[in-house]
Structures are given as C-alpha cells and as structure tokens.
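A short worksheet on the structure shown next.
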Amino acid sequence: MIENWKREARRPMDARSRYLRSLVIDALEGGGRGHVGSTLSLIEIVRVLYDDVLRVRPDDPAWPDRDRFILSKGHGCLALYAVLADKGFFPVEALKEQCRPGAMLGGHPQRGHTPGVEASTGALGHGLALGVGMALAARLQRRPSRTFVVMGDGELDEGSVWEAAMAASKHRLDNLVALVDYNKLQSYGSVAEVLDLEPLADKWRSFGFAVAEVDGHDVNGLRNRLTALPFESGRPSMLICHTVKGKGLDFAEGQALWHHKARIEAPDVARMRQALETAR
Amino acid sequence: MRQTALAMVHELARRDPRVLFIGSDLSPGVLKGMKEEMPERFFMEGVSEAYVIGMAAGMAMDGFIPYINTIATFLTRRCLEQICIDACLENLPLRLIASGGGLVYAPLGPTHLATDDIALLRPLPNMAIVAPSDAEEMRRLMEASLTWDGPLYIRLGKGGDPVVSRADAGFAIGRAILMRPANRVLIVSTGVMTSRALAAADLLDTIGCGVLHMHTIKPLDTEGLLTAAAGAELVVTLEEHTRIGGLGSAVVEALSDAGCLKPVLRLGLPDRFPEGYGSQDHLLELAGLQPPQVADAIHKALNR
C-alpha cells in the first residue's frame, strides 16, 4: 500500500508547488540551515490548507473567528513560513533572514514572534493537545473556528499524542482535524524500523477518529478531502497524508540524511534550484 | 487547604466566565456542585498530565483561565516540558494546584513525595510559585490568582494545617509577610513550615528570632527580604523541600545578588530520597525540621 502511494506521488509538479519550494530554498540559503526533507514533504498539505480550507485573515491574524492551524511537527516550519509569507502575513523578504540574529523566523515556529503562527512547536507531541484545547474553547465560546493540527510520523512515537487523541474522541470534537505527514522517514531512518506505526489508520480509528487517507502531494485529492469536513459528524477527523520526504529534490527524496542540514552552502543551494526545475 | 482551594475555584467560576476547572483523575465527587452548576466548565480528563497541560494551554490561548488540580509530583515531574513550552513560553494564565506539596504523602512513598517541585519550576521564565501557610491564606491567594498575569503554581499542604496567617496582614502574590520582626536571627520560611518557624522562634525568644513568611518563592520579594534581614546576624531558611533549588537557594541567590553577605543557614531536606513511610511529621523529624530541632540548629549556628 505504501508503494502505491509513492507511485501516485509521481505526477508533474505544478507551478505553485514549485514556487513555494523556491521560497523554502530562499530561506535555506538565507539561514544556511534547515530541515529540508521534513519541510518539502509538507508543502502541498500546508498549501491546500491556506489556499482552499482555512478561514484566516492575513491582515488580522488575531481575528477571533479564524480557523487555527498548528504545525505540531514544528521542524517543518519552512513550509509554513513560505505559505504565510506568500499569503501576506509578513514580507517574503523575511524568509531570507531565517535563524539570523534578530530574525522574525526561527528554526521552529514561535507564537507571538511570527505573525500567523498559532503555537510554539518543535518539542514534539504538544500540538494535538493544544488543538483539543482550542477546539474546546471554540465550542464553549460558540465560535465557528475549526482547528487543524499537522503532525509528523516520527512524532506519533510520543505518548502525549495518544493521550490527546483519546480526549479528542471523548469530547466528540468534530471541529478538530488532525493530519499526519506520513513520509515514512524519521531522523534516524525508516519509521517502520525505528518504531513501526502500522496499522496507522486502524490505530486512529480505534482511538475514535474518522479517518481518510490521501496522497499528500496530490493537490486535488487534498482539496477534496479537506473541503468536506468533518469526515463524520461527532468525531474528530484524521487525514493520513502519504508523502515523500524531500519531495521535489531528487537527490534528497527518501533520504534520511536530508532530514536536517546544519550547514547549507552555495553549491547545495545551486543543486537544489537546479533539481527543482525538473521536479516531478 | 485543598478543599478551600477547590471551593474557591467554584466561587471564582461563578464570578468569572473565563474560569475552568480541569482535574486528571481525582476523587469521586470532587467539585460536584460546580460540575452540576456549570458542566461545560468542569473537566475530568484522565491520567494524562502532559495532555492536560497542553489542552489547558490551548484553552487559555483563547481567553480562558484554567485551574488544574492533581498530585504535585505528577503535575511537575511528568509534564515539565508542557509546563515550560505550552504555559511558560506563552505566559498563559494556567493555575496549577498541586496536591501534596513536600512530604504530605509520606505513607505513599517517594513516587508521591513532591520534594523537588519548587526546584523544577523555579528556573522556568514567567512561572510564579506560591506556597500558602494555611487554608485562610489559601483563600486570599485564590482571590489574588484571578488577576495574576501568567502561569502560577500553587503548592498545597496536607489539610488541617494550623492557621497562623492573619487577615490583617493582607496578601499579594510576590510580597512576603513579616510575621515577627527579627533581632539577631531571621527565619525565612514558606508553606506550612511557617507555623514551625513560628514555634521555633518561640523557643528562641531570648535571642530575638524573626519570621518572614515567603509564601511566594517566585517572584521572590527581595526588597522585603533585605529589609527584614537588615539587622539580623543570621538568616535561616526553612522549607519542606530539597535544599537544592528551593527557597533556601532563592534566598541565598537574592542576598548574594544584592551584595548582602551574611551567614545563611539553609534548613531543608537532604539530597536523598526519603526513607521509610510514617507521616509528614515523622519525615520532617527525620530531616531535623521540627521546631525544637530548628531551634537547636540555630543555636549551634550562632555559637559556631
């Protein structure tokens, strides 16, 4: 099944996905570092959420009725930054300053520091619990806000994720949507080897979620799923997004070594830009 | 003290729609009245402390003031990262009501003895830490808690602790209360140890022993400390907590930072897990923290 998802991901990459990745490369170049693979698997998920799903106002980031988006796998923040900049939450030029002294953008998202960032994440296993709290708050305050939480697959190793999952189901939070960027690789290596998550969809179902699966790089597929929410009334939704780590850079795809790079230099950047031109 | 704290949560919730109660898996019937009166603001979330802190933080981000209650050790050791990142980094108004501070759960053994809670939380920016002396002071603290800006850790005693606080002394988070002015010696104490500090001071009547009740360990009332200690030749700290990182450490740091270099006798628990069970009083005696032992230690320090 995992192989099937991989094959479906091999469709031509459209101009917008390519552009957002070029912004990520700008940020990698500017900061000279970053989580490359973990960011590139996320691009289409974050893109579709902000283009077609989330009710947010870039000129009024604190609008009370907005939908909340939590990037629980905070290390993928360059994908979020690229989309937030593109949407006008802050100037695109800020991307080139990431991680520099005094920058607006750090190596993990920080609430209150970067416009549009709803939660400070990076320590894994926090986002879903925060999302449960936000979804409960929306219910109590009778707001239409929905809460979206994107987690990494490696992040699901954290027990706190499953504590929050039980609670989301107990509270019947159908205004909560969890997503997993299931790129099958964590820092050390394959998820299947480090700590196997399968059968992942069954796990979430058994925790009370309405579960769907999608090719996480298929923009139309993501859009179709995420514009028909909740998946089931009275239950939290879980969308398992099958993705490719490093998507768009052929030399980085599926390579655990490209999870994070602490030193990115000019030749690396040139190689990335070249690879992106022919990305599929 | 715990009953007062929880009853006050209900009272505050009646007054302010932002107030919530969140328990982990507490005794049957806890805050039954509140649950019946306002079920939507009463949460019993299960044995899942890391999640509880995150969930409470998520609600606080949208304007709620969550009062969370569970056993102190689980509330601090188990979910320290959630407290640090979700509550302190965001400076959110979580109120952590910690049952069984110190040696309260003596019969239950080291898993339940919160002898390091203050040291665990004190380095976290934005965190305030308060240990009231008795139920009456708890009531005053809970009143003050509603408007405190940021996370607040409330350390509970055993319950039925003797009332030594006085209403006329008032109460403000971060402002120490001088219970008795110092002559040669000033004892700085917190929580239920203040009643023992007063008893020890009675035994030291001839040498003039003052007592400063430092109910707020963070932010520490440095000014109140320096003023109270000004004439004393010896400062003594007394706490039901490891000597590492708690009240004694905070007092020594504050005196040192202020350039006030006078002898400090730090009385607290030794750097080892408490042995045996018994009662809170029994373990305090083993650690040499009962009033006659405190008085002896002060005598020895003065004659050193």
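Residue numbers begin at 1 in each chain, while the letters A, B, ... track the order of the sequences.
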A:Lys73 (side chain) donor-acceptor with A:Ser38 (main chain) under 3.5 angstrom: yes
Close contacts, residues 102-110 of chain B versus chain A, judged by heavy atoms under 4.5 Å: none
A:Gln110 portion near chain B, given a 4.5 angstrom heavy-atom threshold: side chain
Beyond-backbone contact of A:Arg146 with A:Val53, side-chain heavy atoms, under 4.5 angstrom: yes
Geometric class of the A:His260/A:His35 ring pair [parallel <30°, tilted 30-60°, perpendicular >60°]: tilted
Parallel, tilted or perpendicular, as decided by the 30° and 60° cut-offs, for the rings of A:Trp204 and A:Trp162: tilted
A:Val83/A:Leu49 under side-chain contact (heavy atoms from CB on, under 4.5 Å): CA gap, chis, key distance, verdict: CA-CA 10 Å; A:Val83 173; A:Leu49 282 169; over 6 Å; no
Ion pair check, B:Glu253 and B:Arg122, cut-off under 4.0 Å: yes
Show me the donor-acceptor pairs, under 3.5 Å and distance only, between side chains in residues 20-30 of chain B and residues at least two apart or in other chains.
residue, atom, partner, partner atom, Å
B:Ser24, OG, B:Thr70, OG1, 2.7

Top of A:Glu158, A:Lys170, A:His126 for chain B proximity - count of heavy-atom pairs under 4.5 angstrom: A:His126
Interface moiety of B:Ala56 toward chain A, non-hydrogen atoms closer than 4.5 Å: neither
Members of residues 33-55 of chain B whose heavy atoms come closer than 4.5 Å to chain A: B:Glu40, B:Arg41, B:Phe43, B:Met44, B:Glu45, B:Ser48, B:Glu49, B:Ala50, B:Tyr51, B:Gly54, B:Met55
Any side-chain heavy-atom pair of A:Pro115 and A:Leu84 under 4.5 Å: no
Residue A:Arg68 versus chain B: region with a heavy atom under 4.5 Å: side chain
Contacts of residues 83-99 of chain B with chain A (heavy atom under 4.5 Å): B:Ile85, B:Asp86, B:Leu89, B:Glu90, B:Leu92
A:Tyr50 vs A:Leu80 side-chain heavy atoms within contact, under 4.5 Å: yes
Check: B:Thr76/B:Tyr153 side-chain N/O donor and acceptor closer than 3.5 Å: no
Any A:Val191 side-chain heavy atom under 4.5 Å of A:Leu156 side chain: no
Within-4.5 Å side-chain heavy-atom neighbours: B:Leu75 and B:Ile68: yes
Within 6.0 angstrom of B:Glu223 CD, more than 12 heavy atoms from elsewhere: no
Side chain to side chain, B:Ile71 and B:His112, heavy atoms closer than 4.5 Å: yes
Polar side-chain atom of A:Lys203 near backbone of A:Leu197 as donor-acceptor pair, under 3.5 Å: yes
